[in-house]
Amino acid sequence: MEYHFGEIEKKWQDYWERNKTFRTETDFSKPKYYILDMFPYPSGAGLHVGHPEGYTATDILSRYKRMKGYSVLHPMGWDAFGLPAEQYAIQTGTHPALTTRKNCDTFRRQIKALGLSYDWDREINTTDPGYFKWTQWIFIQLYNTWYDQESGRGRPVSELPVPAQVTGNGKEAVRRYIDDRRLAYYDHAQVWWCASCRTVCANEEVLTDGSHEKCGHPVVRKNLKQWLLRIPHYAERLLSGLDDLDWPEGVKDMQRNWIGKSRGAEIDFRIIGRETTLRVYTTRPDTLFGATYMVISPEHPLTGELVTPEHREAAAEYIRAASLKSDLDRTELAKEKSGVFTGSYAENPVTGEPIPVWIADYVLMGYGTGAIMAVPAHDTRDFEFAHKFGIPVTCILDPTGAPAETREEVLAGRACWTGDGKYIRSAHPARGIDLNGLHKEQGIAEITRWLEEKGIGKATVNYKIRDWLFSRQRYWGEPFPVIHWEDGEVTLDEELPVLLPDMERYEPGEGGESPLANAREWLQVTGRDGRRGRRETNTMPQWAGSCWYYLRFIDPRNQERIFDPALEKYWMPVDLYIGGAEHAVLHLLYSRFWHKVLFDLGIVSTDEPFRKLFNQGMILAFAYETAAGAKVSSDLVEESDGGFRHRVTGEPLNQIVAKMSKSLKNVINPDDVVSQYGADALRLYEMFMGPLDERKPWAEKGVKGVFNFLNRVYRFFTDPASIREGEEDPQVLKALHQAIRKVTSDLENLRFNTAISALMVFNNTAMKQGNVTRETAEIFVKILSPFAPHMGEELWALLGHDHTLAYEGWPEADETLLVEAHFEYPVSFNGKLRFKLELPLGMPVPEIEKAVIGHGKTSHYLEGKSLRKIIVVPGKIINVVHS
RNA sequence: GCCCGGGUGGCGGAAUUGGUAGACGCGCUGGACUCAAAAUCCAGUGAUAGCAAUAUCGUGCGGGUUCGAUUCCCGCCUCGGGCACCA
C-alpha cells in the first residue's frame with residue numbers, strides 16, 4: 001500500500017481529539033510523570049523548526065511513559081504577554097489581546113498538526129484574567145513575606161518581630177521597618193532605561209555591550225520609582241539547591257556565576273583626622289599588609305565627607321562624569337583606569353601607615369560596601385591603577401612557585417601576583433599579628449581571626465546577585481494589584497484579578513510613565529473612607545507569568561484557589577523540563593526563587609520545581625559564503641559537481657553552518673515539511689539529526705532519509721505477504737528483542753537518534769527476512785509508535801485493533817533471547833587487528849590461548865618473532881604481544 | 001582574561017568503568033526493473049599502494065601512560081556558548 005501520510009495523519013489527529021485520548025486522568029494509585037516544555041511566546045511568525053525539536057522529544061517520552069503505565073501530565077500553553085503584540089498595537093491600534101488570540105490560534109493549529117499528545121483541556125494563557133489573577137495573587141504573597149535569616153526561610157510579615165525601639169518611633173517607623181523587609185518593595189532605583197522601548201529592564205536583560213536584549217538599542221541609567229524583588233535573600237538557598245538537581249552542569253555553573261558567592265572579610269579603616277571609619281569588603285584580607293591606598297566608588301555616601309576643600313572641584317567633576325557614563329563606558333571602552341584623590345588618608349590597621357583614599361569608578365557601589373582596600377602587588381586592577389597614578393606597590397607575598405624571572409619582578413613590585421606563595425613583610429609583633437611564612441589559606445584564616453579579635457573586621461559572605469527589578473512601563477502585562485493613596489500609603493488590592501483597562505493608545509510616555517497613566521477612569525480609585533488613590537500604572541515583566549505556569553497546569557480551571565494542594569502534592573515536582581539554553585539564568589532562576597518562597601509559605605510541597613532539566617540544541621541551517629567570507633543568500637546558490645557556486649557570477653562558494661535567518665534565506669518552515677513529508681517524518685528527522693542537546697544543521701536530504709524509512713515500514717507491514725502466524729524465526733526474534741532493549745534504554749537516556757537507528761536496523765532485518773509473525777509486527781509497531789505516532793496508530797488498526805495503542809503496554813526485552821553462545825574474537829598482534837576467531841563464550845582463558853596459538857595464521861604473524869604473552873579479555877578481544 | 005561545551009569519512013552522526021573506529025541515514029559508484037526516466041530493489045563505498053591476498057596510514061595538533069587510547073594524563077590549536085573592573 002502506498003503511504004498517504006496526509007490522510008493518515010489527519011485521520012488520527014481527529015481521532016485523538018474526538019476521543020480526548022490524551023486527557024490526563026489523575027490516578028493517585030499510579031506512578032506519575034510530569035513532563036514539561038518551555039511554553040512559547042506566540043509570535044506572529046508562527047512556529048519555526050526549533051520549536052518541534054523539544055516538543056517532539058517530550059512527546060515521545062510522554063507516549064513512552066504512558067505505555068509504561070504512568071499517569072502522564074504533558075500540557076501546553078502560551079506565554080502571551082510581551083512586547084511584539086504591544087508594538088503592533090501601537091502601530092495599528094489593534095488590541096494586543098486580539099493579536100495574541102490570533103497568534104495562539106496559529107501556534108495551536110501548527111502544534112496539533114505535529115501530532116503532539118498534549119492534554120488540550122489544560123491549555124493556559126498568561127494573558128487570561130483567570131490565569132493572571134493568580135500571578136497577581138503570588139505578587140501579594142511576595143509582598144507579604146519577609147526572609148527570616150535565623151530560620152533561613154520566608155515567613156509572613158504578620159510574624160515579623162518589630163523591635164521595641166522601632167515601635168517607639170511611631171506608626172510610620174514601623175511601616176518603614178516592615179517595608180524594608182518585604183520580598184517585594186517599591187522604591188527609587190537606579191534602573192536601566194531603554195529609550196527605544198520606553199521601558200526599564202532588569203540587569204539580566206542588559207547585554208554585555210550595554211544594549212537591550214529585546215531590541216538591541218543602548219540602555220541608560222535612570223532613577224525611577226519601581227517595584228523590586230529581594231531575590232538576594234534567597235541567594236544561598238538558590239545556590240545550594242543546585243547541587244541535587246539533575247541539570248546540565250553548564251546551566252548550574254551559569255546560575256552559580258550569576259549568584260556570585262564570594263567569601264572574604266569586611267574591614268574598618270579609621271580615617272585620619274576624623275571620627276569616620278571606612279568599611280571595605282575584600283576576599284583577600286590576608287594582603288592587608290600590602291594595602292597602599294583605598295578606593296571608594298563615585299556614588300559612595302562618604303565622598304562628600306572625605307573630599308578635602310582643595311580637591312573638591314576635581315572630585316565633583318569626576319563624580320559628575322561618572323554618573324553620566326553608561327556601564328558600557330565604565331567597562332568595555334574604559335579599560336584605562338581613572339580616578340581622583342580625595343585628599344584624605346586612612347590608617348592601615350596592621351601597619352599603622354597612612355594610605356591615600358581615592359575615588360574611582362572601577363569600584364561599584366552596588367557590590368560589597370562600595371569601597372575597597374587596594375593591594376596593587378596582588379590584584380591586577382589595583383596594580384593597573386597604582387601604575388597609572390604612581391602609587392607604591394608593596395609585595396607581601398613571595399611567589400615561591402613562580403619562574404625565577406617572574407618572581408623577581410613581583411618581589412620588586414614591577415609585576416602583580418594573585419596566586420599563592422609565602423608571606424613576607426607581613427608581621428607586626430606589637431599588634432600581635434604575624435603571617436610571615438604562611439600560605440594563602442592559612443593567612444586568610446589567621447588575619448580574619450585577628451581582625452575579629454580586635455573588633456575591626458569580620459568574615460563576610462557576598463553575592464553578586466542584585467534585587468530584581470520587577471516593573472515595566474508597558475500596557476501588555478499583568479497590572480499590579482496596588483493602590484497608591486493620596487496620603488502616601490500603599491495598599492494592595494485584594495480584589496483579583498485587577499484587569500487591564502481598554503485603551504485608545506498604547507504608547508508609553510517618554511519620561512518613564514506607563515501607558516496606563518492615561519487610563520483616567522481605571523486609574524482613579526476612591527476608598528470607602530473617601531480617600532482618593534491612584535492605581536499602580538506599571539505592569540509586571542514577562543517573566544512573571546512564566547515563573548509559575550507549571551503549577552497552574554496541575555489544576556488549570558480551579559476558580560477558588562491557585563490549585564488543589566492534593567493535586568500539587570501528587571504531580572510536583574516536574575520530572576523533566578525541556579527547553580532552550582537561553583533561559584539558563586533568567587527564567588529558571590526567577591522560577592526557582594518564586595517556588596522557594598511558595599514552599600516556605602506552605603503553598604507548594606517541594607523546595608525545587610524542576611527535578612531534571614535538559615536543553616535542546618539549536619537547529620541551524622546550511623548557508624553559503626564566498627572565499628572572501630561574504631554571505632550569499634541561499635536562493636542564489638546552485639550545486640554543481642559536488643561543489644557550490646553563485647548562480648549569477650559563477651563564483652565558487654563554501655557551504656557553512658549558520659543560524660536560520662531571513663537575510664540568508666535559509667529558514668525552514670515546519671508547515672512546508674509537514675505538507676511535503678508529513679508530521680511523522682518531521683518528528684523522526686528532528687530526532688534523528690543528532691543528539692538532542694547539540695546544535696545541528698538542517699538538511700533536506702536527511703528528511704528524505706527518514707521519509708524513505710517510513711515508506712519502507714509502511715509498505716512492508718501493510719503487505720499481507722509480510723505478516724504470518726506461527727513461530728518467529730530465531731534471528732528475527734533476536735533482532736526484535738535487541739531493538740526493544742536498545743530503544744528502551746535510549747529513551748531512558750534521551751538518545752533519540754540512536755533509538756531511531758535501532759528501529760531502522762530491525763526493519764532492515766525484517767525486510768531481508770521477507771516476513772514476520774503478527775506478534776513481531778505488533779511489538780515493532782508499539783516501539784515505533786512514540787516516534788511516529790500516526791503511523792503507529794494506522795498500522796495498529798490495520799493489524800486488527802479498534803482502539804488507540806497509546807495505552808498499550810510497552811514491550812520488554814527478553815534477555816534470555818539475547819544471550820550469545822559464541823563470540824567472534826578479534827585477534828590482534830601488538831594491538832593490530834589481524835584476523836577473527838569464533839569461540840564459545842564460556843571457554844576458559846587457557847583454552848582460548850591454546851586456540852589462538854594453534855591457529856594457522858598465528859604462526860604466520862609470529863614468524864621470526866618471539867611470543868611474550870597473550871591477553872584475553874573474555875567476550876571482548878584477544879591481543880598477542882610479541883617482540 | 002575566566003568558566004563551560006565541541007573538533008571522528010564527501011555530509012549528519014555511531015562507538016567511551018580503555019578492547020573490532022565509522023552503526024544508522026544522506027551522498028556517490030555499479031547492477032536489476034523500465035522503451036526511457038522517476039520510484040523501488042541488490043551490491044559496493046575512510047585514505048594510499050596493489051590485479052589480488054594484503055600492507056601502511058587514519059578520530060584537531062604535539063607528547064605521555066598502557067599489551068591496547070576517539071576514550072585517561074600533560075601542553076597547544078580551533079570553533080561555539082556564557083561571564084567579564086563583583087574587590
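In what follows, chains are A, B, ... by sequence order, proteins preceding strands, each numbered from 1. Note that the structure is predicted; figures quoted are calculated from it, not measured.
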Expressed as a whole number of Å, how far does the P atom of B/A38 sit from that of B/U56? 43 Å
For A/Val657 and A/Arg284, take the nucleotide of RNA chain B holding the closest heavy atom to each; which residue's nucleotide lies nearer the 5' end? A/Val657
With both pairing distances under 3.5 angstrom for Watson-Crick or G-U wobble, and | for a partner in another strand, the correct string for RNA chain B is (((((((..(((......[....)))((((((.......))))))((((....))))..(((((..]....))))))))))))....
If the C1' atom of B/G62 is compared with that of B/A69, how far apart are they to the nearest Å? 15 Å
B/U20 base to A/Lys876 side chain: any donor-acceptor pair below 3.5 Å? no
Could you check if a side-chain atom of A/Leu818 sits within less than 4.5 angstrom of a side-chain atom of A/Gln738, using non-hydrogen atoms only? yes
Would you call B/G25 syn or anti, using the 90° rule around 0? anti
Distance between the P atoms of B/U54 and B/U17, in whole angstroms? 31 Å
So side-chain hydrogen bond (donor to acceptor under 3.5 Å, both in side chains) across residues 691-700 of chain A, not counting sequence neighbours, yields A/Glu53-A/Lys696, A/Tyr677-A/Glu700
side-chain contact (heavy atoms from CB on, under 4.5 Å) against A/His882, all qualifying residues, sequence neighbours excluded: A/Phe829, A/Asn830, A/Leu862, A/Lys865
Which nucleotide, B/A14, B/C85, B/G19, lies nearest any side-chain atom of A/Pro691? B/A14
Using the C1' atom in both, what is the distance from B/A37 to B/A53, to the nearest Å? 41 Å
Would you list the pairs meeting salt bridge (charged side-chain N to carboxylate O under 4.0 Å, His left out) in which at least one residue belongs to residues 751-764 of chain A, sequence neighbours left out? A/Asp746-A/Arg751
Please write out each protein N/O paired with an N/O of nucleotides 66-73 of chain B under 3.5 Å, distance rounded to 0.1 Å.
| from | atom 1 | to | atom 2 | distance (Å) |
| --- | --- | --- | --- | --- |
| B/C67 | O2' | A/Asn879 | ND2 | 3.1 |
| B/C67 | O2 | A/Asn879 | ND2 | 2.6 |

Separation of atom CD1 in A/Ile656 from atom C1' in B/G7, rounded to whole Å: 17 Å
Nucleotide N/O to protein N/O under 3.5 Å, stretch nucleotides 52-55 of chain B:
| from | atom 1 | to | atom 2 | distance (Å) |
| --- | --- | --- | --- | --- |
| B/A55 | OP1 | A/Arg834 | NH1 | 3.1 |
| B/A55 | OP1 | A/Tyr861 | OH | 3.2 |

Atom CZ of A/Phe829 and atom C1' of B/U20: how far apart are they, to the nearest Å? 14 Å
May I ask you to check whether A/Ser262 and A/Asn462 show a side-chain donor-acceptor distance below 3.5 Å? no
Please examine the side chains of A/Pro285 and A/Thr282, heavy atoms only from C-beta on, and report whether any two atoms are closer than 4.5 Å. yes
Please state whether the rings of A/Trp358 and A/Phe389 are parallel, tilted or perpendicular, taking 30° and 60° as the class boundaries. tilted
Could you tell me which residues satisfy side-chain hydrogen bond (donor to acceptor under 3.5 Å, both in side chains) with A/Asp243, sequence neighbours excluded, listed by chain and number? A/Arg256
Between A/Tyr624 and A/Asn666, is any side-chain donor less than 3.5 angstrom from a side-chain acceptor? no
Centroid-centroid under 6.0 Å between A/Phe707 and A/Tyr685 rings: no
Do the side chain of A/Asn879 and the main chain of A/Gly831 share a donor and acceptor less than 3.5 angstrom apart? yes
Flag for A/Tyr714-A/Glu2: side-chain donor and acceptor within less than 3.5 Å: no
Take atom P in B/C33 and the same atom in B/C42, then report the distance between them in whole Å. 15 Å
Taking any heavy-atom pair under 4.0 Å as a contact, classify A/Pro248: base, sugar-phosphate, or nothing. nothing
In chain order, what residues pass the side-chain hydrogen bond (donor to acceptor under 3.5 Å, both in side chains) check against A/Asn615, with sequence neighbours excluded? none
Between the side chains of A/Glu838 and A/Tyr825, is a donor N or O closer than 3.5 angstrom to an acceptor N or O? no
Nearest-nucleotide pick for A/Asp379, side chain only, options being B/U20, B/A15, B/A87: B/A87
Find out whether A/Phe780 and A/Val713 are in side-chain contact, i.e. whether some heavy atom of one side chain is under 4.5 Å from a heavy atom of the other. yes
For A/Asp420 and A/Lys440: C-alpha separation, side-chain torsions, deciding distance, then whether salt bridge (Lys or Arg N to Asp or Glu O under 4.0 Å) applies. CA-CA 6 Å; A/Asp420 201 357; A/Lys440 192 164 150 183; over 6 Å; no
For a quick check of understanding: with a heavy-atom distance under 4.0 Å over all strands, which category does A/Lys836 fall into, base, sugar-phosphate or nothing? base
Aromatic contact between A/Tyr362 and A/Phe385, with the criterion being ring centroids under 6.0 Å apart: yes or no? yes
Mind listing the residues from residues 254-269 of chain A sitting with a heavy atom below 4.0 Å of RNA chain B? Number order is fine. A/Met254, A/Ser262
For nucleotides 24-29 of chain B, 5' to 3', base contacts (B), sugar-phosphate-only contacts (S) and non-contacts (-) with protein non-hydrogen atoms under 4.0 Å give BSSS--
Whole angstrom value for the distance that separates P of B/G5 from NZ of A/Lys252: 13 Å
Measure the distance from CG on A/Asn711 to C1' on B/A38 and round it to the nearest whole Å. 14 Å
Determine, for A/Glu336 against A/Lys388, whether the closest basic-nitrogen to carboxylate-oxygen distance falls under 4.0 angstrom. yes
Pairwise 5' ranking along RNA chain B for A/Met689 and A/Tyr367, keeping only the more 5' one: A/Met689
CG of A/Asp253 versus C1' of B/C83: gap in Å, rounded? 11 Å
Could you state the atom-to-atom distance from CD of A/Glu2 to P of B/U40 in whole Å? 11 Å
Whole-Å P distance, B/G18 and B/G68: 16 Å
Side-chain touch A/Val280/A/Val295, heavy atoms, less than 4.5 angstrom: no
Could you encode protein contacts along nucleotides 43-48 of chain B as a string, one character per nucleotide from 5' to 3', using B for base contact, S for sugar-phosphate-only contact and - for no contact, with a heavy-atom cut-off of under 4.0 Å? ------
When the distance from CG of A/Leu759 to P of B/A14 is rounded to whole Å, what number comes out? 16 Å
Write down the distance separating the C1' atoms in B/G58 and B/G82, rounded off to the nearest Å. 35 Å
Could you measure between the two C1' atoms, the one in B/C11 and the one in B/U65, and give it in whole Å? 35 Å
Separation of A/Lys337 atom NZ from B/C85 atom P, in whole Å? 9 Å
Answer yes or no: is there a side-chain heavy-atom contact under 4.5 Å between A/Arg868 and A/Ser883? yes
Side-chain contact check for A/Phe823: nearest option of B/U56, B/U20, B/A87 is B/U20
From C-beta outward on A/Pro697, which listed nucleotide comes closest to its side chain: B/U20, B/G13, B/A87? B/G13
Checking A/Arg466 now: which residues fulfil side-chain contact (heavy atoms from CB on, under 4.5 Å) with it, not counting sequence neighbours? A/Asn203, A/Tyr367
